Amino acid sequence: MNRNNKTIISIVSVIIAVVICFFGYNFYQKKQAEVVSAEKLTAIHEVIKKFNDGNDRNERLNLLKDTLDEQSKYNLNSYKDSKVQDEYKNSITTMRTYFQNDYDSTIKTNTLSDISAVSDEKVITDNKTKLDELTKTIDKEKDITFETEQQVQNKQSEIEKLVKKYEERINELKAKSKDSKTNKENSSKNGEEKSGKSNTTHYENEYFSVDVPQKWAGIWSFTEHSDSNNLGTSSQPAKVYSFKHDPEGNVPFGGAQAIYVFPNGLPSKSESSPMLKKISSNVYLGPGAASGFFSTDGRPDRATIKVK
């Protein structure tokens, strides 16, 4: 064998050795990657099992956060196994779904289907408070439990719409409560005026004023009602003010008498009524019962009326 042949054989041997080393190294690298992938898959499965078996919400949140961090680190590797990437993605989706279902459950629990039918302000306020707390929780966890900002906005918008409805209903109920209180106060005030039975000796309205003797204080009263059938009509109703002097034991003798006011004028059917004595254009004095109530002859022991 000459020198040239020896040289060729040496070169070929080196090439074969390099090729064998190359493929051997690649084979080793592939095996190592497979081992790493298997370890990653096992670790991910263990995290999911721990997540599903756990009962502590904060612990579950930390598991999701750690898994997201591990996924980010893994994706920076030069060699990435698609199986591992898919497993990370599926696991994270599973964990995020748990939290998003938890959000939805809270929303459902605190949703009043027919808010207009709810009159208990406390019930609405309690539900609104729970939703406000949920908004804070989502704002704190959103970077972990949601994949996109759009998902966050959609969920927050859903809650905001409910909260706004609750606030509007609460304001409506407060307004009604205020009106009701005002009406009760007015009703009480009007009731006192209409009953008239008190220590006062004076009564007054837009048509006339009445003064009773001082000794009648506390033992006289009056009522007011509308009449559109007897002396009055539907178009010309009468306002009837019935006054009564009612001393204890009827001593001295008590009596009663009514004043008729026709704001729209005296109806024709009542123009010739013997029951009415004209005091002014629209104010008439009715007949007295027992000892009467008003003085028609200047007697000091009776009430006096002054028209406006």
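Note that the structure is predicted; figures quoted are calculated from it, not measured.
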Any side-chain heavy-atom pair from [X] and [Y] closer than 4.5 angstrom?
X: F146; Y: I138; value: yes
X: H245; Y: Q257; value: no
X: L276; Y: L266; value: yes
X: I124; Y: L173; value: yes
X: K308; Y: E206; value: no
X: V210; Y: H202; value: no
X: V283; Y: V261; value: yes

With the 4.5 Å side-chain cut-off for hydrophobic clustering, are [X] and [Y] part of the same group?
X: L64; Y: L41; result: no
X: F222; Y: V240; result: no
X: I144; Y: I92; result: yes
X: I170; Y: I159; result: yes
X: Y207; Y: L231; result: no

Separation of [Y] [atom2] from [X] [atom1] (nearest 0.5 Å):
X: L68; Y: S72; atom1: CG; atom2: OG; result: 7.0 Å
X: L131; Y: N110; atom1: CG; atom2: CG; result: 5.0 Å
X: K161; Y: K165; atom1: NZ; atom2: NZ; result: 8.5 Å
X: N282; Y: F262; atom1: CG; atom2: CZ; result: 9.0 Å
X: L285; Y: S280; atom1: CG; atom2: OG; result: 11.0 Å
X: T137; Y: F99; atom1: OG1; atom2: CZ; result: 11.0 Å

Distance-only, no hydrogens or angles: does the [X] side chain make a donor-acceptor pair with backbone N or O of [Y] under 3.5 Å?
X: T42; Y: A38; result: yes
X: W220; Y: T200; result: yes
X: T233; Y: N229; result: no
X: Q236; Y: N264; result: yes
X: Y74; Y: Y88; result: no
X: S270; Y: S273; result: no
X: S37; Y: D81; result: no
X: K269; Y: G232; result: yes
X: R302; Y: F294; result: no
X: Q156; Y: T135; result: no

Going by atom types alone, do [X] and [Y] pair a side-chain donor with an acceptor below 3.5 Å?
X: T145; Y: Y103; value: yes
X: N154; Y: Q150; value: yes
X: N205; Y: Y203; value: yes

Review point. When you look at T106 and E133, which way does the side-chain contact (heavy atoms from CB on, under 4.5 Å) test go after all the steps?
Key: CA-CA 10 Å; T106 302; E133 292 172 354; over 6 Å; no

Practice item. Decide yes or no on salt bridge (Lys or Arg N to Asp or Glu O under 4.0 Å) for K65 and D69, but give the supporting numbers first. Key: CA-CA 6 Å; K65 183 178 183 300; D69 292 341; 3.6 Å; yes

Does the pair [X]/[Y] count as a salt bridge with the N-to-O cut at 4.0 Å?
X: E172; Y: R169; value: yes
X: D132; Y: K128; value: yes
X: K40; Y: E70; value: yes

Point to revise | Pair Y241 and Y260, ring centroids less than 6.0 Å apart | key: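 Centroid distance Y241-Y260: not below 6.0 Å, so no.
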
Practice item. Show your working on side-chain contact (heavy atoms from CB on, under 4.5 Å) between I48 and M95 and close with a plain yes or no. Key: CA-CA 8 Å; I48 281 296; M95 289 188 275; 4.1 Å; yes

Point to revise | D56 and R60: CA distance, side-chain angles, deciding distance, salt bridge (Lys or Arg N to Asp or Glu O under 4.0 Å) verdict | key: CA-CA 6 Å; D56 187 277; R60 282 176 163 172; over 6 Å; no

Locate the shortest heavy-atom distance separating [X] from [Y]; write the atom from each residue and the value.
X: P263; Y: P237; result: CD-O, 3.6 Å
X: T201; Y: P213; result: CG2-O, 4.0 Å
X: V123; Y: N127; result: O-ND2, 2.7 Å
X: I279; Y: I305; result: CD1-CD1, 4.0 Å

Review point. Quick one: ring-ring contact (aromatic ring centres under 6.0 Å, His included) partners of F293, sequence neighbours excluded?
Key: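 F293 satisfies ring-ring contact (aromatic ring centres under 6.0 Å, His included) with W216, F243 once adjacent residues are dropped.
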
Check your understanding: Of N77, I44, N75, which meets side chain to side chain contact (heavy atoms under 4.5 Å, CB included) against V84?
Key ->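 The residue from N77, I44, N75 that satisfies side chain to side chain contact (heavy atoms under 4.5 Å, CB included) with V84 turns out to be I44.
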
Exercise for review: Please report the C-alpha distance between I115 and Y166 in whole Å, then the side-chain angles of each, then the deciding distance to 0.1 Å, and finally whether the side-chain contact (heavy atoms from CB on, under 4.5 Å) criterion is met.
Suggested key: CA-CA 7 Å; I115 185 65; Y166 293 170; 3.7 Å; yes

Practice item. Could you name each residue pair satisfying salt bridge (Lys or Arg N to Asp or Glu O under 4.0 Å) that touches residues 92-114, not counting sequence neighbours? Key: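 The answer is R57-D102, D104-K155.
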
**Study point:** Heavy atoms of other groups near K80 NZ, more than 12 under 6.0 Å
**Key:**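 Yes, enclosed.
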
